[in-house]
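Quick note: residue numbers are just sequence positions, from 1.
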Amino acid sequence: MKRERYFKDELRQLFMGYAIIPAVGFTLVCTLVFFGALIYGKKSGNESHNSYVAQELDRALSGYEENLERLALDERIFEKSLEPSGRMEIFEKFYQVSNGLGYKADVFILNREKRLLLSSGEVPGYLWDTAGIQWGLMGAMDAEPEKTKIYLAEPWKRSDRDIAMGRAVMDGTETAGYVIFTINSSQFKAVLDRSESRTIIADQFGWVYLSNDYGLQDASNQVIKELKTAGKYLSYDKKMFLVSIQPAYGGRFFVYSATDIHNIVISLGLSSTLIITALALMTVWVLISTKKVTERKTRDFYKILEVMEMTRNGNLDTPIQLERENEFRIIADAYNETMGSLKHQMENNKRMAELLAAAQNKQLESQFNPHFLYNTLENIRYMCRIEPETAARMVFSLSNLLRYSLDGSKAEVTLEEDMEHLENYLTILKYRFNRRFSCAVEVEPEALGCRIPKLVLQPMIENAVKYGFGRQENLNVEIKVYIHEERLTMICRDDGAGMTMGALREVLTLLEQEENNSRHSGLYNIHRRCRILYGRPYGVDIRSTEGLGTTLIVTLPVNKEEHDVTGNDSRG
């Protein structure tokens, strides 16, 4: 029995397929979803913060640029700035804009000679030309007057950097003066500190204006190249970052935001490793434990299967013996009770079949006796008229035959015993037909001890005599008995008239029927008795050709033990 394909392994596979594997998959999916949601939240927060800083920077610079243009268009600005009332008016407008934007700035107004006319704070040194060199903001304003110029002052400094924007005001073809705003980087510090992200505001050349972390800028105070060229993710300094980059103020500034997800990635890796390891250990433990449990729980099941397999192979004597009280014990008890009843019923059926077979055999014998007696007495009747002495000897032989045939104590006899009584029948035939009939008998010595149904050979010769003569004068019959391939074969061959194909088919069909409704009772009785006593494939076979004779073949099992059909030993 191939148990690996049975209930035990299917139960384990079912448990693995519907419990362990879904649990492992569900745990891994939940872990990935959790960390995915966490990273997505970090990414959304990073992008939101980056966008907010860029919008605030753009709003502040654009607002001051508009205010700068309005002041530059006031032709009296350089005259009014000299008077206290004019100064107050300029400061009021400036602070009104500054308060509206929420980011403070300083204002500086210079005349054409670049002398300070008005300021809201200390004038930074980067506004002045050195040794007549035109560079920085002043040089840019002179190069393109009446255009707003923006300048990141002293970008190499680590802190307190300014964004300065200014405009040269023209009076005809001459410069009337300069209006300048400066916004210190400290004004945007609160904006950058709203998030945990590392945020940098830098100009288009990469110079840092403001940063809340120095880790992503180099020693010259510029944004590192890796951050400039990063996509959504940045791997730098053995860390992993989510990156957002957005331009501001027309692309003249850029806001860089980087959120450290290194710890999240490490946590994800460690968690996944721990979960996978735990699940692998749990799976191994479950496999081992389920193997033991299923083997213990299905042990009784396989005992039942084993006994049922033996039953299928014909062994009905092995009961199912289970020690534990469970549902399989109920099945085992029911099986044992069923098999007990079945065996009892089979014994009863066997006895009934034997009794039925004996009854049928006796019935066939009783059918044979009148038929045989009628033919023999008819022969004696003729002989009494011709040769009374011969008729007397025929009566003696007939009496021996009747005594033998009417003896109901035996269903089987030895071949040797049947051959002795066959001589009585052959004697009657020789007296009747004289030289017209001859019979040669050849029997292997090994076959003489075999047991056969009583009165088998005599009907075979009788059939040859009855149908063999036909219109011919003489009839030769040959009897041959031998053992071949564990079968006792008895052949009766004659050189008589034979049978037509139609008659042969009729006889062969008759032999396979359960009841005989024809005149061929002799052969039918032999065949039926053989089938009742021994079953298939034993019985009578007929071969005949019209004009060439007939051959009867009776096959029986080789049985040298004395056995009565009722199951009783006939020797007692």
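The minimum heavy-atom distance linking Leu210 with Lys189 is given by the pair CD2-N, 3.6 Å. For Asp171 against Ala176, the heavy-atom pair with the smallest separation is CB-CB, 3.7 Å.
Counting heavy-atom neighbours within 6.0 Å of Tyr40 OH, excluding the residue itself, gives a total of 12 or less. Other residues, nucleotides and ligands place more than 12 heavy atoms under 6.0 Å from the NZ atom of Lys228. Residue Glu196 qualifies as open at atom CD: its count of foreign heavy atoms under 6.0 Å is 12 or below. No more than 12 heavy-atom neighbours from other residues, nucleotides or ligands sit within 6.0 angstrom of CD on Gln96.
By the 6.0 Å and 45° rule, Arg194 stacks over the aromatic ring of Tyr52.
Ring geometry for Phe181 against Tyr64 counts as perpendicular: the plane angle is over 60°, on a 0 to 90° scale with 30° as the lower cut.
Side-chain atoms of Gln246 and Tyr256 include no donor-acceptor pair closer than 3.5 Å. Between the side chains of Ser257 and Asn50, at least one donor N or O lies within less than 3.5 Å of an accepting N or O. Counted by atom type alone, Asp142 and Tyr178 present one or more donor-acceptor pairs between their side chains at under 3.5 Å. For the 3.5 Å distance criterion, the side chains of Glu47 and Ser51 fail to qualify, holding no donor opposite an acceptor. For the 3.5 Å distance criterion, the side chains of Thr148 and Arg167 qualify, holding a donor opposite an acceptor. Using modelled atom types and a 3.5 Å distance limit, the side chains of Ser197 and Asn46 yield a donor-acceptor pair. In this model, a donor atom of one side chain and an acceptor atom of the other lie less than 3.5 Å apart for Gln217 and Ser211.
At distances below 3.5 Å, not a single donor-acceptor pair connects side-chain atoms of Glu146 with backbone N or O atoms of Val169.
A salt bridge between Arg252 and Asp58 is absent, with no side-chain N of the basic residue lying under 4.0 Å from a carboxylate O of the acidic one. Here Glu512 pairs with Arg531 in a salt bridge; the nearest charged N to carboxylate O distance falls below 4.0 Å. One finds no salt bridge joining Arg161 and Glu154 here, because no Lys/Arg side-chain nitrogen approaches an Asp/Glu carboxylate oxygen to under 4.0 Å.
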query: Are Glu66 and Ser62 close enough, and set up right, to give a side chain to side chain donor-acceptor pair (under 3.5 Å), and what steps lead you there?
result: CA-CA 6 Å; Glu66 292 177 3; Ser62 297; over 6 Å; no

